[in-house]
Protein chains: 2
Amino acid sequence: MIAGTERSPRKPKGRGAERREEILDAAQRLFTERGVMAVTTREIAAAVGISQPALYAHFHSRDEILVDLCERSFRALAERMAALPLGVRDRAGFLEMCRVYIDFGLEQPDAYRVAFMLEAKASEAAQLEARILAAGLDTFEDFRARLAQLVDAGMTRSGDARLLAQSLWSGLHGLVSLLLARREFPWVDIETLVARHLELLADGILATDPVTPRR
Amino acid sequence: MIAGTERSPRKPKGRGAERREEILDAAQRLFTERGVMAVTTREIAAAVGISQPALYAHFHSRDEILVDLCERSFRALAERMAALPLGVRDRAGFLEMCRVYIDFGLEQPDAYRVAFMLEAKASEAAQLEARILAAGLDTFEDFRARLAQLVDAGMTRSGDARLLAQSLWSGLHGLVSLLLARREFPWVDIETLVARHLELLADGILATDPVTPRR
DNA sequence: CGGCTGACTTATCAGTGATAAGTGATCAGT
DNA sequence: ACTGATCACTTATCACTGATAAGTCAGCCG
């Protein structure tokens, strides 16, 4: 498979930390194409143009690549959330925040799967899982803070922003993860389902709010 | 089940189809103890007391064991649902149905994980995934039928039972799967979270219903 | 008896994630 | 300019995985 003749023209594409990013890019692309479980370290290495053991100079294990991608995904979601205006305290703002979450999951299914639907393999899972948890906590905190604004504005049925955030997160995650995991399920029109689901969550979380009437 | 009680020092513990059930039992127990991904076919075989290749006389692949367990899990959930009274058309009945789902997931996390959070490995995934889908469809249909009763009684905000069922299922699955996948997350008190989440879903799905006032 | 069947065995496969040991380019220090 | 250390990389190899092939042996039927 290896043509020895073209050994020399190998050009050091990325040195040091750049190579790490290269590997992560290739891994994410392969995971997207063929599924997280189906991609081997040899394939990832080949995609980058290096040998398989070379991966272990940059990552301690295959799972660590996954965890890094997980953190990446959470960061991407957090950035999308951060792009939202902060002070919105009406139903429309609530729906928009939810929509960002759902869209992120549906548009980047592989990233979402890696972030939320990853099963730790074993062994040193403790340490890696802790990193996943920490990454998720940051994103969740942003989420909670935004809900707290609605709570402070007296717009919610419950006064516990943490409780509300966890419940809402569950509601959003449920839809995204089911849509991703059971793509072949006879779903109703997805746009309709998403819209109605968000209305459901809004109805369940927000108090009746004549200021922002439902259309 | 009707296992040959003759425990001769040698092999014939279970004959024919009984051996298949034995394998499934052992697999489920091991998956529970150490996680689905961490258990090997050799361990399963050892737990049953046969050699590893002997498994392949009963199952075409390791994944097929998983799919069988998946169908089993769906059947267990369906049985729990079937144990509920059929004609209930109030908020309490709605909550009870949801509670059955949540309790099933939390009490049998391994079964739930196998049923809903399984990632197909590759290759002939198509055929196996189809079986998973079919098993899930049956259970979903029961779910939908019960919601349809509430729709017929005019108790719901939307008239589309299928849409409501998919949305509600998402809401329930989201909570269960997150609780299972992120056990170390700083959840609020779980009983409180579950109770409030169900109220949220009820508020979002059921129309205001003076007959069954919220406490 | 002799042959058949089927659940089982041992032996073995290719492929996996991971480790060990060695190669060669780069570069600071003398 | 010569070191010698460092670093990213290589090849060779590990233990182990899921899966297959071929042979073994009990029990049954003619």
Side-chain angles (χ1 to χ4, degrees), chain A residues 1-24 26-27 30-31 34-68 119-125 127-128, chain B residues 3-4 6 8-24 26-27 30-31 34-68 119-125 127-128:
Chain A
M1 207 60 217
I2 302 165
T5 52
E6 40 187 320
R7 185 81 38 110
S8 44
R10 154 129 24 261
K11 172 189 164 192
K13 248 194 288 188
R15 305 211 171 182
E18 296 175 20
R19 185 42 68 85
R20 184 175 235 266
E21 292 302 312
E22 247 184 298
I23 295 171
L24 287 174
L30 287 172
F31 289 160
R34 288 210 294 291
V36 172
M37 300 310 297
V39 175
T40 70
T41 53
R42 281 165 178 81
E43 291 174 308
I44 298 172
V48 182
I50 59 179
S51 69
Q52 179 254 354
L55 294 178
Y56 292 82
H58 301 275
F59 300 90
H60 179 270
S61 70
R62 179 185 190 273
D63 277 354
E64 202 190 353
I65 298 181
L66 278 176
V67 173
D68 260 51
E119 173 152 10
K121 205 134 195 181
S123 60
E124 58 181 336
Q127 188 182 351
L128 295 181
Chain B
E6 305 88 1
S8 61
R10 260 322 203 184
K11 24 206 136 162
K13 244 197 290 188
R15 307 204 173 183
E18 297 175 20
R19 184 42 68 88
R20 183 176 236 266
E21 293 301 312
E22 247 184 298
I23 294 170
L24 288 174
L30 287 172
F31 289 160
R34 287 210 294 289
V36 171
M37 300 311 294
V39 175
T40 69
T41 53
R42 281 165 178 80
E43 290 175 309
I44 298 172
V48 182
I50 60 179
S51 69
Q52 179 252 355
L55 293 178
Y56 293 82
H58 302 274
F59 300 90
H60 180 270
S61 70
R62 180 187 190 271
D63 278 354
E64 202 191 353
I65 298 180
L66 276 176
V67 173
D68 260 52
E119 172 151 12
K121 203 133 195 181
S123 61
E124 58 183 333
Q127 188 182 351
L128 295 180

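Residue numbering restarts at 1 for every chain, and letters A, B, ... go by the order of the sequence lines.
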Asks: Would you mind telling me which of C:dG17, D:dC9, D:dG18 lies closest to the side-chain atoms of A:R19?
Replies: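 Of C:dG17, D:dC9, D:dG18, D:dC9 is nearest to the side chain of A:R19.
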
Asks: Hey, is the side chain of B:T41 poking within less than 4.0 Å of OP1 or OP2 on D:dG18, counting only N and O atoms?
Replies: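 Yes, within the criterion.
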
Asks: Over how many whole Å does the gap from A:Y56 atom OH to C:dA21 atom P extend?
Replies: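 Interatomic distance, OH of A:Y56 to P of C:dA21: 18 Å.
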
Asks: Of all the nucleotides listed (D:dT10, C:dG17, C:dT9), which has the minimum atom distance to the side chain of B:I50?
Replies: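 Of all the options, the side chain of B:I50 is nearest to C:dT9.
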
Asks: Which residue is it: A:L24, A:L66, A:V67, A:T41? I am looking for the one with a side-chain contact (heavy atoms from CB on, under 4.5 Å) to A:F59.
Replies: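 Only one option passes, and that is A:L24.
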
Asks: Tell me the interatomic distance from B:Q52, atom CD, to D:dA21, atom P, rounded to whole angstroms.
Replies: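 It is 14 Å, rounded to the nearest whole Å.
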
Asks: Does anything in residues 45-57 of chain A form a salt bridge (charged side-chain N to carboxylate O under 4.0 Å, His left out)? List the pairs, not counting sequence neighbours.
Replies: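 Non-adjacent pairs meeting salt bridge (charged side-chain N to carboxylate O under 4.0 Å, His left out): zero.
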
Asks: Side chain of B:R42, heavy atoms from C-beta onward: which of C:dA20, C:dT12, C:dT9 has the nearest atom to it?
Replies: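 The listed nucleotide nearest to B:R42's side chain is C:dT12.
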
Asks: Using a 4.0 Å heavy-atom cut-off across all strands, classify A:A57 as base, sugar-phosphate, or nothing.
Replies: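 The answer is nothing, as A:A57 stays clear of every strand by at least 4.0 Å.
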
Asks: Taking the minimum atom-to-atom distance to the side chain of B:A54, which one of D:dA19, C:dG17, C:dT9 wins?
Replies: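 Of all the options, the side chain of B:A54 is nearest to C:dT9.
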
Asks: Closer to the 5' end of DNA chain C via nearest nucleotide, is it B:P53 or A:P53?
Replies: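 Of the two residues, B:P53 wins.
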
Asks: Do you know the tightest heavy-atom contact between A:H58 and A:R19?
Replies: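 Heavy atoms only, the tightest pair is NE2-CG, 3.5 Å.
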
Asks: I want to verify a distance call: between C:dT19, D:dC9, C:dT9, whose nearest atom is closest to the A:H58 side chain?
Replies: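 Per side-chain heavy atoms of A:H58, the pick is D:dC9.
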
Asks: Would you tell me if any nitrogen or oxygen in the side chain of B:H60 comes within less than 4.0 Å of OP1 or OP2 on D:dG18?
Replies: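 Answer is no, no contact under 4.0 Å.
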
Asks: Give a yes or no on whether the backbone of A:E18 and the side-chain of A:E21 come within a donor-acceptor separation of less than 3.5 Å.
Replies: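 A pair under 3.5 Å: no.
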
Asks: Counting just side-chain N and O atoms, does B:S51 come under 4.0 Å of either OP1 or OP2 of C:dC8?
Replies: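 No, B:S51 has no side-chain N/O under 4.0 Å of OP1/OP2 on C:dC8.
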
